[in-house]
Amino acid sequence: MSEFDAIFVGAGHNSLACAAHLALKGWKTAVFERNATMGGAVQTHEYTVPGFRHDFGAMNLSLFAGSAFHRKYANELKTHGLEFAPVADCFASAFPDGRWFGVSNDLETTASRLAAFSAADAATWRRLVAGFMPEAEHLFRLLGSPMSARALAGTGWNLWRKKGFSGALDTGRLLLSSPRAWLEETFESSHVRTTLAAWGMHLDFAPDIAGGAVFPYLESMANQAFGMVLGKGGADTMIRALSGMVTAAGGKIATGAEVAEITVAGGRATGVRLASGDFHIASRAVIAGVAPKALPGKLLPDGSGDAGFDAAMKKFRHAPGTMMIHLALDDLPDWRAGAELRQFAYVHLSSSLDAMSRTYQQAMAGMLPDEPVLVVGQPTAIDPSRAPEGKHVLWVQVRMLPAEILGDAAGKIAPDRWDEVKQAYAERVLDIIDSYAPGLRQKILGRAVFSPLDLERENPNLVGGDQVCGSHHLTQNFLFRPARGYAGWKTPVANLHLTGAATWPGAGTGAASGYMLAQQLGGN
């Protein structure tokens, strides 16, 4: 039995960032991770062929590069090996009619592409870019602050002072709008609208869901203004650097160490019991980087002592599932729409806003979508170190999918468990990519398919294959993430805190949840 100031359940990047900050503040910290490797959904492995490194889940590290944690600890992270690969050609969409649109970090390049679709849209883009930094100040302040009355009041006062009442209402309207509402009132071209709307689907915002407009807006404007970054050699460069910070500051990290129970005495978290039977004491905090449903009846066998909290955790809603397909390739895809697409980090494949909406509804109804939204990542176009010389990896994210299969919208795959269906569905995905990039199959040297069920097996926080660990719809975001009254990472159990994507400010690689909690506990 060992005693620590703080014990962390799970070694996702939020937990590691929190542990690193507290360790540097003098806390004795310990991180226990069930898997053999750390990082949660941020891992990089040779899933296909030796020498080909694939990001398990997250690929884009832009949020971490721009995070408050990175600003404070950039030197320490660099010392422990953090290295970014900058991206100039960020994202694009290819369309069935042979056209494409993409956003690069050079304004004239992007505006020229836009003008080919609509001169008015090119002018609108320039106007949005010119106004982005003043608008981003308020949005980033909101997303980077705790969900407390004091922080919200400060953000609101700053917004009103700088934009006035009407301007503040415009920002509020953006935060409440659906992607379709914002895109249709902003852009003429359906191709441009569809390209930007794809970023809503990275979370769980189909075009007609309120609260989703801010994500296409922020991603497109940030990529235009700053570009994007990937992790050099793989996204796990972030995890290795964070882990190095923890251990260099005297913290302990144990892998293959599953926490079976958070121990509680007198309404206060006192430590953890591992599946091995070992007990460890936490004198100041237990911090659980888990999906909310893992608490009542599981990590807290007797519950939290608050029936309302326990019910909210059990009812926490997860987004639709995802499939990941990793390909080792002899060469990048030959995109029919144009060779220039080979240099983009992401190529989205979905024909229209209506197709995205239909896909989302099919998944929510338990159906295998006939036309899933595909996010085709081409990391080796930016970072050749991830594959042998001249070879490439392809990172394919398939959105949206049901956790439990009740039928097939295309009428071709009989409903069954994902273990029986995943390879057949992967063939549907490859057929779609091949229709945009003929000859893809002839380039494949190896493939690995992770169904929604496989993703949850690898990381229990990805419930039903939900890669964002919980719906971000308005009823489960901001003051309601993960539940009303608990947006400040606390629980009814004293000294027990939640962190991770299920908590404010939600999914992404920015480590904001872990860092804000660490500041709350240990100071700035």
Side-chain angles (χ1 to χ4, degrees), residues 43-60 85 87-102 104 195 198 228 230-235 322-351 369 371-399 401 412-413 421-451 454:
Q43 300 183 37
T44 309
H45 296 289
E46 295 180 345
Y47 290 119
T48 57
V49 179
F52 291 79
R53 288 175 55 76
H54 306 270
D55 289 336
F56 171 73
M59 186 178 101
N60 179 355
V87 180
D89 298 302
C90 303
F91 68 94
S93 283
F95 296 96
D97 63 4
R99 304 185 76 183
W100 70 276
F101 170 63
S104 300
T195 301
M228 181 185 289
L230 308 184
K232 185 70 177 293
T322 309
M323 172 181 279
M324 292 300 306
I325 301 176
H326 300 292
L327 301 177
L329 297 180
D330 192 49
D331 190 16
L332 286 169
D334 291 312
W335 297 102
R336 183 163 50 89
E340 197 173 349
L341 283 172
R342 286 163 58 98
Q343 65 199 38
F344 279 84
Y346 291 107
V347 179
H348 294 113
L349 302 179
S350 187
S351 58
E371 187 186 338
V373 176
L374 303 185
V375 186
V376 182
Q378 303 180 124
T380 43
I382 289 89
D383 175 22
S385 71
R386 297 175 181 225
E389 185 175 358
K391 308 301 180 184
H392 291 275
V393 301
L394 213 64
W395 176 99
V396 183
Q397 194 175 62
V398 186
R399 296 187 177 275
L401 297 174
K412 296 180 179 179
I413 299 175
V421 166
K422 68 178 183 180
Q423 296 299 341
Y425 199 75
E427 289 299 318
R428 178 175 298 175
V429 171
L430 294 179
D431 285 342
I432 292 172
I433 301 175
D434 202 69
S435 72
Y436 289 91
L440 174 73
R441 278 189 171 83
Q442 285 67 52
K443 300 174 185 285
I444 297 175
L445 304 174
R447 85 178 190 185
V449 179
F450 290 84
S451 73
D454 293 327

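Position 1 is the first residue of the sequence; numbering continues from there. No experiment lies behind these values; they were computed from the predicted model shown.
Within the 6.0 Å centre-distance limit, the rings of W100 and F344 are counted as a close aromatic pair. Aromatic ring centres of Y47 and F450 lie closer together than 6.0 Å.
Scanning all heavy atoms of the two residues, the minimum distance from I432 to L374 falls at CG2-CD1, 3.7 Å. Nearest heavy atoms, T48 versus H326: CG2-O, 3.4 Å. The nearest pair of heavy atoms linking L341 to V347 is O-CG2, 3.9 Å. Looking at every heavy atom in both residues, A387 comes nearest to T380 through CB-CG2, 4.0 Å. What you find for V393 and P379 is that their closest heavy atoms are CG2-CG, 3.6 Å. For Q343 against E340, the heavy-atom pair with the smallest separation is CG-O, 2.9 Å.
In terms of modelled atom types and a separation under 3.5 Å, the side chain of E46 and the main chain of G51 share a donor-acceptor contact. Although no hydrogens or angles enter the test, the distance criterion places no donor-acceptor pair under 3.5 Å between the side chain of Y425 and the main chain of I413.
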Original post:
Can you list the steps and then say if V376 with H348 is a side chain to side chain contact (heavy atoms under 4.5 Å, CB included)?
Top reply: CA-CA 6 Å; V376 182; H348 294 113; over 6 Å; no
Original post:
Checking side chain to side chain contact (heavy atoms under 4.5 Å, CB included) for the pair Q378/L394: CA distance, chi angles, key distance, verdict?
Top reply: CA-CA 5 Å; Q378 303 180 124; L394 213 64; 3.8 Å; yes
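The distance from atom CG of L327 to atom CZ of R441, rounded to the nearest 0.5 Å, is 10.0 Å. Remark: D55 CG to Q43 CD distance equals 10.0 Å, nearest 0.5 Å. For the atom pair H392 NE2 and L332 CG, the distance stands at 4.0 Å (nearest 0.5 Å). Expressed to the nearest 0.5 Å, how far CH2 of W395 lies from CG of L230 amounts to 10.0 Å. One finds the OG atom of S451 at 9.5 Å from the CG atom of L401 (value rounded to the nearest 0.5 Å). In this structure, M324 CE and Q397 CD are separated by 5.0 Å, a value rounded to the nearest 0.5 Å.
Judged as a ring-ring contact (aromatic ring centres under 6.0 Å, His included), and not counting sequence neighbours, W335 has no contacts.
With hydrogens and angles left out, the side-chain atoms of E371 and S350 include no donor and acceptor closer than 3.5 Å.
Salt bridge status for R447 with E427: present, with a side-chain N to carboxylate O gap under 4.0 Å. In this structure, D331 pairs ionically with K443, as a charged nitrogen and a carboxylate oxygen lie closer than 4.0 Å. Taking the charged nitrogens against the carboxylate oxygens, R336 and D434 have no contact shorter than 4.0 Å, which rules out a salt bridge. With respect to D383 and R386, a salt bridge is recorded, a charged nitrogen being found less than 4.0 Å from a carboxylate O.
Side-chain atoms of L329 and L440, non-hydrogen and from C-beta on, do get closer than 4.5 Å to each other.
Ring geometry, F52 versus H54: the interplanar angle falls under 30°, so the pair is classed parallel (tilted spans 30 to 60°).
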